[in-house]
Q: 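This is the structure I have questions about; it appears just below.
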Amino acid sequence: MPTDEGTIETLANQEYKWGFVTDIEADALPKGLNEDIVRAISKRKNEPDFMTQWRLKAYRHWLTMTEPKWPNVKYPEIDFQDVIYYSAPKAKKQLKSLDEVDPELLRTYEKLGVPLEEQKIFAGVAVDAVFDSVSVATTFKAKLAEMGVIFCSFSEAVQEHPELISKYLGSVVPYSDNFYATLNSAVFSDGSFCYVPKGVRCPMELSTYFRINAKNTGQFERTLIIADEGAYVSYLEGCTAPMRDENQLHAAVVELVALKGAQIKYSTVQNWYPGDKQGKGGIYNFVTKRGKCMESARISWTQVETGSAITWKYPSVILQGDNSIGEFYSVALTNHMQQADTGTKMIHIGKNTRSTVVSKGISAGKGQNTYRGLIKVLKNATNARNYTQCDSLLLGDKCGAHTFPYIEVRNTSSKAEHEASTSKIGEDQLFYCKQRGISLEDAVNMIINGFCKEVFRELPMEFAVEAQKLLGVSLEGSVG
Amino acid sequence: MAFVEINNLQAAVGGKPILKGIDLTINPGEVHAIMGPNGSGKSTLSSVLAGRETYTVTGGSVLFDGKDLLDLSPEERACEGLFMAFQYPVEIPGVTTSYFLMAAVNAIRKHHGQEELDAMDFLKMVKEKMALLEMDKTFLNRSVNE
């Protein structure tokens, strides 16, 4: 359809509008990594000894590891000595309230649409904002504290609640887990921490906003969420970065602990800078996310991945307790030169455990989209059930979709189902829409949103709207 | 004046000529049925009129309500009032019929400079029409042509 290409081009070539840089003084450690840097990070954060030791243990283990080569992505060798591992916006003095936060920083978040000032928050979302390496502000803290909910930056949690940190840190993703997670364990600078006490239903959505600003900086944040027995929490995560020619490294770890009967819903809209059309720049997103479910607990991951030059991410659930439930809903979009190798792992250990996986991959331009998933049912997981649905949508003929499902079942009473499909937006679908008066761009958006519907309906309302818009912007269709 | 005026219309698909000079005049209020054996070009004619890109017009002209139809994009032709009932309508998974119909109605309203309907007004209207036709309400939430 040569006549339509013009329209699709315009639709597609919208700029990455979060690509600005904030001019703010940063307090950064020198480039490179060694034991002194690890100690220095720990010292800057005024951490207790157990944390310093834990970091060092991770660092020493990391030295023995090699970068994984199995993902279906290509990128030049990363020089881990050329990365700044700690960068913090320089604060003039100790901050006591939001009024004292550097106004330049607040303006940045305002531009990003993060409503930090509490009076502006009407939607009832509590926000923790992480800028480069440190957490800048957490809103609604007092109100949450009334219910016993702890929601603060990771560093603060280390100071205020070391007993919870030492009990749960590394309990789901151990320091020795994998190359990037181990690196994160050694050098992570900040992140969010959340604890919801027994039987409490967290009254508002909790949200973290991540932003990489400084040049040559890696962002290594660590999130730990604990839902005590019978508790419920819904957590949102958003991310953006400035446009830079160099690739930036983002290696985060997220650990979720859902104790007996608890429920955690974790939603991500990932919009890191994807690089330009030639594939220059962009974020390398190497993330380890995992949750553990005790008896009758439930963890749901919902992710919309539209950014990053490379995405390497497998939000997983360990279904340890009987009758526990794990869910994974994902939309991953790759356009231009973007590459994504993403999926999930569901490990069934307890009896009557259930898992659902719905993955929607959209490839456009020269994007390469890989689904990689593991369903593992152990010997004692009687009556375990899994349902996996894995759909790919191709736009144009230069992109690719790949699927690597692994299913390991060691129990005869369990059942695993896998459904997969690959489709293209058909010329006949577009013509059908146009024949009803609908323009090409509206038709493409409509078809894509229809394709992603099962995932979008799992997102909280305001996130679902944002996700739909984001897909519209991120798409450069060479449709037809 | 004739509403539709087809003059010596010729069209090909993949370089192969299918329509070799069609003439047809339709006046307002008239109903025409075009009949013929398989492969004689009935579907091609309707596709060419609707503007399907896989067909190339190689000659002739079509006037539609005084406008040069062949000069318009498929969606403009639709907005001008040309409607094609598909022989094999295509499925659009995940898009509900009500959403699709609302998008179509509003695209056409916009084209005519009318205000677009919001979801409430649209549902009210579509429910009235469905009652008139005694159609099952569940159609609204079904995916397009599923």
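Throughout, protein chains are lettered first and strands after them, A, B, ... in sequence-line order, and every chain is numbered starting at 1.
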Q: Given that the side chain runs from C-beta out, which part of B/Glu76 has a heavy atom under 4.5 Å from chain A: side chain, backbone, both or neither?
A: neither

Q: Is there a donor-acceptor contact under 3.5 Å from the side chain of A/Gln435 to the main chain of B/Pro74?
A: no

Q: What part of B/Leu101 is in contact with chain A, defined as an atom under 4.5 angstrom from a non-hydrogen atom: side chain, backbone, both or neither?
A: neither

Q: Provide the closest heavy-atom pair for B/Glu91 versus A/Gln429 in the form atom of the first, atom of the second, distance.
A: O-NE2, 3.0 Å

Q: I would like to know whether B/Phe100 and A/Ile438 meet side chain to side chain contact (heavy atoms under 4.5 Å, CB included); could you show each step before the answer?
A: CA-CA 9 Å; B/Phe100 182 81; A/Ile438 300 165; 3.8 Å; yes

Q: Side chain, backbone, both or neither: which part of B/Tyr88 has a heavy atom under 4.5 Å from chain A?
A: neither

Q: Grab the two heavy atoms, one from A/Gly437 and one from B/Ala78, that are nearest each other, plus how far apart they are.
A: N-CB, 3.4 Å

Q: Nearest 0.5 Å, what's the OG-NZ distance between A/Ser439 and B/Lys110?
A: 7.5 Å

Q: How far apart are the closest heavy atoms of A/Leu440 and B/Glu75, and which atoms are they?
A: N-OE2, 4.1 Å

Q: Got a sec: does the CD of B/Glu115 have more than 12 other heavy atoms crowding it under 6.0 Å?
A: no

Q: Please determine, by modelled atom types, if B/Asn145 and A/Tyr432 share a side-chain donor-acceptor pair under 3.5 angstrom.
A: yes

Q: Inspect the surroundings of CZ in A/Arg354 and state if more than 12 heavy atoms from other residues, nucleotides or ligands are less than 6.0 Å away.
A: no

Q: Flag yes if more than 12 heavy atoms outside A/Lys366 fall under 6.0 Å of its NZ atom; otherwise flag no.
A: no

Q: Tell me, side chain or backbone of B/Arg52 under 4.5 Å from chain A's heavy atoms, or both, or neither?
A: both

Q: Would you check if B/Ile92 and A/Cys433 make a side-chain contact, meaning some heavy-atom pair closer than 4.5 Å?
A: yes

Q: Given a strict heavy-atom distance threshold of 4.5 Å, which part of A/Cys452 is in contact with chain B: side chain, backbone, both, or neither?
A: neither

Q: Closest heavy-atom contact between A/Arg436 and B/Met84?
A: NH1-O, 2.9 Å

Q: Is chain A contacted by the side chain of B/Val144, its backbone, both, or neither, given a heavy-atom distance below 4.5 Å?
A: side chain

Q: Name the region of A/Asp442, side chain, backbone, both or neither, that has any atom closer than 4.5 Å to a heavy atom of chain B.
A: neither

